[in-house]
Amino acid sequence: MSTQQQDQGPDQQDQDPTTYDVKAVEAKWQQVWDDLQPFVASDEAVTSGERPKKYALTMFPYPSGDLHMGHAEVFALHDVISRYWRFRGFEVMNPMGWDSFGLPAENAAIRNDTHPATYTYANIETQYDSMKRYGVSFDWTRRLHTSDPEYYRWTQWLFLLMRERGLAYRKNSPVNWCPKDQTVLANEQVLADGTCERCGAVVTKRELTQWYFRTTEYAQELYDCLDDLQSTWIGKVVNAQRNWIGRSEGAHVDFALNLADGSTKDVTVFTTRPDTLYGATFMVVAADAALAAEVVAPAQADALAAYLEEVRKASDIDRLSTERPKTGVDLGITATNPVNGEQVPVWASDYVLADYGTGAIMAVPAHDQRDLDFAKAFDLPVRTVVDTGEENPEETYVATTGDGTYVNSGPLDGMTDKAAGITAMIERLTERGTGSGTVNFRLRDWLLSRQRYWGAPIPIVHCEACGEVPVPVDQLPVELPELRGSDLRPQGTSPLGAATEWVETTCPTCGGPARRDTDTMDTFVDSSWYFLRFVSPHDDTQVFDPALAEAWGPIDLYIGGDEHAVLHLLYARFFTKVLRDAGLITWDEPFSAYLSQGKVINNGRKMSKSLGNGVNVAEQLEEFGVDAVRLTLVFASPPEDNIDWADVSPAGSQKFLQRAWRLSGDVTSEPGVDPATGDLALRRVTHKTVADAEQLVEGYRFNVVVARTMELVNATRKTIDSGAGGSDPAVREAVEGVAQLLSLVAPYTAEEMWARLGHQPCVAQSTWLAVDPELLVEESVTAVLQVQGKVRSRIEVAPDVSAADLEAAALADPTLVAAIDGRPVRKVIVREPKLVNVVV
RNA sequence: GCCCCGGUAGUCCAAUUGGCAGAGACGAUGGUCUCAAACACCAUCCAGUGUGGGUUCGAGUCCCACCCGGGGCACCA
């Protein structure tokens with residue numbers, strides 16, 4: 001491709017020498033970038049070893065309307081590191097695409113009697129144009145949309161892979177159900193007050209057969225690997241994932257239930273406090289678990305059914321309240337405590353969850369507040385087995401959970417250490433075969449079925465003769481039938497069910513009549529592997545090219561919003577581990593580093609239509625220009641902090657950019673002039689600034705990089721105006737440095753400066769200023785002289801001054817001597833070359 | 001209740017391994033320029049680091065307790 005460009009030399013700046021035309025500059029450079037394609041990532045450069053790789057990724061957007069401030073921020077931040085890596089000699093892959101399946105398109109289609117694709121692809125084009133204008137260094141040759149059949153073909157392929165590996169299965173379970181709209185709702189569609197976002201009806205639960213991915217299979221590894229991510233992921237996200245996975249160590253303990261018909265049945269409970277087993281005075285099973293109905297004594301069966309009815313009616317809001325009084329029903333049977341043979345009553349209650357642990361607990365009211373509350377409500381016995389020195393829980397109604405001396409606990413009596421007590425009890429249970437140490441997780445399997453149209457169809461055919469049959473790989477993709485408008489209206493089943501011709505098919509195995517699965521996949525499935533598709537987005541023979549995945553992966557820095565801190569990142573990690581075990585990739589984690597950007601708010605509040613405080617990106621770009629908006633967002637705060645638009649000044653950014661640009665007009669030396677003969681002081685500033693900027697960018701401290709660039713601009717201005725003037729070679733070096741640093745944040749201004757300095761486009765492909773280590777050494781440094789830790793004087797010394805010389809020089813300093821004031825010197829602390837502290 | 005992160009000028013934010021609290025900006029005030037204004041430029045202004053202890057020659061930085069703000073989990077046994 002030719003690098004001769006039309007006319008972006010220094011020749012056409014003949015209008016106003018103090019400002020440049022922002023709009024004209026934007027249009028001009030978009031064209032140049034389109035022609036030069038400086039941001040296309042070369043597979044060849046990486047696979048041949050010609051250049052080391054970096055894979056930079058920012059979360060791809062959902063195409064709802066145009067870009068908003070959050071996108072503007074994340075793209076600006078992300079571009080700093082992408083462009084920096086390119087400068088430092090890496091082959092950078094920086095792809096972008098759209099997470100384009102999802103509900104808003106479907107709702108819009110119902111409203112406007114159109115096809116969801118109409119809304120989706122129109123928005124994508126709008127966003128694409130905005131991104132181009134925004135000047136982000138994306139490699140557009142790798143663009144993808146998850147709603148394209150060429151993409152979701154492979155999403156379906158991955159579903160089948162999961163199923164083959166035993167990681168996708170169907171089960172019956174309760175889901176959110178809107179009784180008015182007759183439809184299943186995703187969790188996100190249920191408002192905080194438990195009502196339907198569409199019609200306001202109170203959402204209830206309904207039993208449906210749904211597809212799940214077995215995420216729990218990887219719970220332990222997903223948890224353990226967080227240790228490795230601790231130092232390179234932002235802390236709160238690691239913390240959120242830990243809490244979400246919720247690992248807890250404890251024990252399984254087997255109790256024998258003595259049923260009404262005289263038989264016994266073994267039931268296992270999970271507990272984190274096996275050491276309090278002697279204090280178990282009753283057992284509780286989840287009221288809605290199958291076990292409760294199975295073991296209840298006939299005399300109590302009606303009571304249980306009535307209770308269950310009540311529980312089902314309770315909405316999630318009630319259930320969520322921890323202040324709610326305990327309720328339950330006696331099952332009329334007993335359980336045998338495996339360590340002391342004691343018979344304890346068995347109750348059912350909704351405070352025990354059916355889908356956590358084993359759905360049954362041993363209740364130790366003395367040392368667990370929930371059990372104590374239940375015991376008090378139903379007048380059940382309380383037995384203290386750990387004497388913590390606190391008052392008796394039976395009287396205070398306050399359970400004691402700390403360390404103490406074991407009592408009434410058989411072999412544990414007299415022990416004082418909780419950890420030792422737990423270990424001892426687990427050993428004892430294991431010996432007797434009535435229990436064992438175990439680890440339990442809060443994480444549940446991933447429910448991925450959606451009774452929705454605009455998603456990837458689940459590639460399964462249901463055949464009366466053969467059962468669940470996977471669609472053969474060569475028949476993928478299972479494409480969506482053409483539905484639009486009112487066809488998509490929720491009717492109690494997936495809209496796909498109404499597409500009779502599509503649903504009715506033949507069984508791939510026996511050829512008999514069969515029906516397609518009518519559910520679509522959660523859109524989180526689409527986004528759990530898109531980062532892999534980017535390595536070979538046009539490959540129509542495989543899900544992705546393993547060799548290219550090996551060459552590009554894993555992602556060196558991923559940036560996104562906090563709202564995906566748990567689900568998306570966890571699902572992507574899960575997919576990665578499955579694909580590794582399937583032999584398609586070799587790495588364990590997809591994102592080597594993760595940074596989350598804060599929110600852009602306005603006047604202390606989240607931007608929203610109802611508050612009327614939204615800030616429109618397009619308007620801001622129109623008023624201040626792309627560079628000023630980007631600069632504002634990067635400079636405002638550290639990346640992860642929120643930015644209050646009321647606190648920042650895009651007008652100030654614009655002023656700074658013009659000031660920086662003006663420097664380029666003052667440079668009168670020719671490109672290639674040797675800077676060595678230039679002003680030494682300015683050269684020092686330039687090299688120090690670039691050296692520091694390297695450290696700062698690599699530490700993601702982008703706001704400080706901008707501040708340091710401002711300093712360099714100020715120093716250069718001063719040198720031109722009051723010293724060496726625009727012909728000094730050091731001035732050229734400084735301004736070129738400014739252009740390069742600025743190009744990380746304000747690419748249009750930087751390109752314009754670079755051209756004005758007499759260079760060919762583009763600055764993004766220029767050679768980064770090589771820092772001269774000799775220029776980083778100061779001629780002299782200021783040593784601080786302290787007495788009792790308080791600064792009393794300062795002297796100039798050589799940077800390599802010895803400790804002895806510095807001490808001597810300090811003690812000879814008259815100001816310091818005066819400060820010592822004749823007091824005896826007890827000790828002198830010397831930290832050459834910067835500090836001397838005299839202790840008197 | 002448990003777990004993370006943070007608290008520095010009027011505002012947003014800086015401050016290598018503990019070593020001069022201020023780099024950068026916003027804002028305000030005054031000035032130069034101008035018929036005037038805007039722009040630009042110059043100058044000035046403002047905190048002792050949430051509170052209380054501790055360690056140290058020396059603490060914004062390390063330790064303990066507490067207060068405030070933000071986030072995650074939560075009847076998860």
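Every chain is numbered from 1 and lettered A, B, ... according to where its sequence line falls, protein lines coming before strand lines. Quantities reported herein were computed from a predicted structural model and do not represent experimental measurements.
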- Task: Scan A:Arg242 against the nucleic acid and name what it touches under 4.0 Å (heavy atoms): base, sugar-phosphate only, or nothing.
- Result: nothing

- Whole-Å C1' distance, B:rA59 and B:rU51: 16 Å

- Query: Do A:Lys326 and B:rC75 have a side chain to base donor-acceptor pair shorter than 3.5 Å?
  - Reply: yes

- Note on the structure: The nucleotide from B:rC41, B:rA77, B:rA23 with an atom nearest the side chain of A:Ser248 is B:rA77

- Message: Which nucleotide wins on minimum distance to the side chain of A:Thr782, given the candidates B:rG19, B:rC20, B:rA77?
- Response: B:rC20

- Item | Check: B:rG19 base within 3.5 Å donor-acceptor of A:Gln786 side chain | yes

- Could you tell me the separation between the CH2 atom of A:Trp244 and the P atom of B:rC2, rounded to a whole number of Å? 22 Å

- Message: If I pick the C1' atom on B:rG60 and the same atom on B:rU17, what distance separates them, to the nearest angstrom?
- Response: 16 Å

- Item | Candidates B:rA40, B:rC20, B:rG24 - which lies nearest the side chain of A:Val791 | B:rC20

- Message: Going by the rule salt bridge (Lys or Arg N to Asp or Glu O under 4.0 Å), which residues pair with A:Glu249 if we only count those two or more places apart in sequence or in a different chain?
- Response: A:Arg247

- Item | C1'-based separation of B:rA9 from B:rG50 [nearest Å] | 15 Å

- Message: Say we look at B:rU8 and B:rC3: how far apart would their P atoms be, to the nearest angstrom?
- Response: 25 Å

- Please measure how far the C1' atom in B:rA43 lies from the corresponding atom in B:rC5, and state the result in whole Å. 40 Å

- Item | Over 12 foreign heavy atoms within 6.0 Å of CZ, A:Arg823 | yes

- Rounded to whole angstrom units, what separation is found between the CD atom of A:Glu711 and the C1' atom of B:rA23? 5 Å

- Task: May I ask you to check whether A:Trp347 and A:Phe282 place their ring centres under 6.0 Å from each other?
- Result: no

- Query: Think A:Tyr351 has a side-chain N or O under 4.0 angstrom from the OP1 or OP2 of B:rA77?
  - Reply: no

- Go ahead and write out RNA chain B as dot-bracket, 5' to 3': ( ) for pairs within the strand, [ ] for ones crossing earlier pairs, | when the partner sits on another strand, dots for unpaired; Watson-Crick or G-U wobble, both distances under 3.5 Å. (((((((..((((.....[..).)))((((((.......))))))....(((((..]....))))))))))))....

- NA contact type, A:Asp644, heavy-atom cut-off 4.0 Å: base, sugar-phosphate, or nothing? nothing

- Write down the distance separating the P atoms in B:rU34 and B:rC26, rounded off to the nearest Å. 25 Å

- The answer to which of A:Asp647 and A:Ala707 contacts RNA chain B further toward the 5' end, by nearest nucleotide, is A:Asp647

- Checking B:rC13, B:rC3, B:rU16 against the side chain of A:Pro638 (C-beta onward), the nearest is B:rC13

- Query: Is any side-chain N or O of A:Asn703 closer than 4.0 Å to OP1 or OP2 of B:rA25?
  - Reply: no

- Of the listed B:rU16, B:rC57, B:rC41, the closest approach to the A:Ile829 side chain comes from B:rC57

- P spacing across the pair B:rG6 / B:rC62, given as an integer number of angstrom: 9 Å

- Message: Is it the case that the base of B:rG71 and the side chain of A:Asn239 share a donor-acceptor contact (distance under 3.5 Å, atom types as modelled)?
- Response: yes

- Message: What's the closest nucleotide to the side chain of A:Arg794 if the choices are B:rG58, B:rC20, B:rC13?
- Response: B:rC20

- Inter-nucleotide P distance (B:rG52, B:rA40), Å rounded: 43 Å

- Message: By nearest atom, which of the nucleotides B:rA25, B:rA77, B:rC20 is closest to the A:Thr272 side chain?
- Response: B:rA77

- Message: Measuring from the side chain of A:Phe270 (C-beta onward, heavy atoms only), which nucleotide among B:rC41, B:rA77, B:rG24 has the closest atom?
- Response: B:rA77

- Task: From the options B:rA77, B:rC75, B:rG72, select the nucleotide whose nearest atom is closest to the side chain of A:Arg324.
- Result: B:rC75

- Message: Using a 6.0 Å distance limit plus a 45 degree cone around the ring axis, check whether A:Lys326 lies over the aromatic ring of A:Phe374.
- Response: no

- Task: Answer yes or no: does a side-chain N or O of A:Lys790 lie under 4.0 Å from OP1 or OP2 of B:rG58?
- Result: no

- Message: Categorize A:Arg247 for me: base, sugar-phosphate, or nothing, with a 4.0 angstrom heavy-atom threshold over every strand shown.
- Response: nothing

- Query: Between A:Ala693 and A:Val705, which heavy-atom pair has the shortest distance, and what is it?
  - Reply: O-CG2, 4.2 Å

- Task: Would you please confirm or rule out a distance under 4.0 Å between OP1 or OP2 of B:rC41 and any side-chain N or O of A:Arg659?
- Result: yes

- Message: Please list all pairs meeting salt bridge (charged side-chain N to carboxylate O under 4.0 Å, His left out) that have one or both residues in residues 704-720 of chain A, counting only residues at least two apart or in different chains.
- Response: A:Asp666-A:Arg717, A:Asp692-A:Arg708, A:Arg708-A:Glu711, A:Arg717-A:Asp721

